[in-house]
Amino acid sequence: MDRDKWKFRIGGALLILVGLWNVFGFVITIEFGKFSFGINDIGDIIITILMLYLGYIMVRYS
């Protein structure tokens, strides 16, 4: 049972790290002055927020 909890915690931490990496990428993109947001950018932001939330849930409740 403990091994499964560690798997969930590691998976959640990886999701959070990838989500933060995506946020960092968005910040760099915005910083360089690309303010033209397309549908794809909005989708990426939503996916990133969901990844961060899912990772938080996995870490919190495992």
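For clarity, every value in this text was computed on a predicted model and none was experimentally measured.
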Visitor: If I take atom CG from residue L50 and atom CD1 from residue I57, how far apart are they, to the nearest 0.5 angstrom?
Guide: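 Taking CG in L50 and CD1 in I57, the distance rounds to 9.5 Å.
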
Visitor: Could you go through residues 8-18 and list every donor-acceptor pair under 3.5 Å that involves a side-chain atom there, pairing it with any protein atom two or more places apart or in another chain?
Guide:
residue : atom : partner : partner atom : Å
R9      : NE   : S62     : OG           : 3.3
R9      : NH2  : S62     : O            : 3.1

Visitor: Give the cluster check for L20 versus V59: same hydrophobic cluster or not, with ILVMFWY residues linked at side-chain heavy-atom distances below 4.5 Å.
Guide: yes

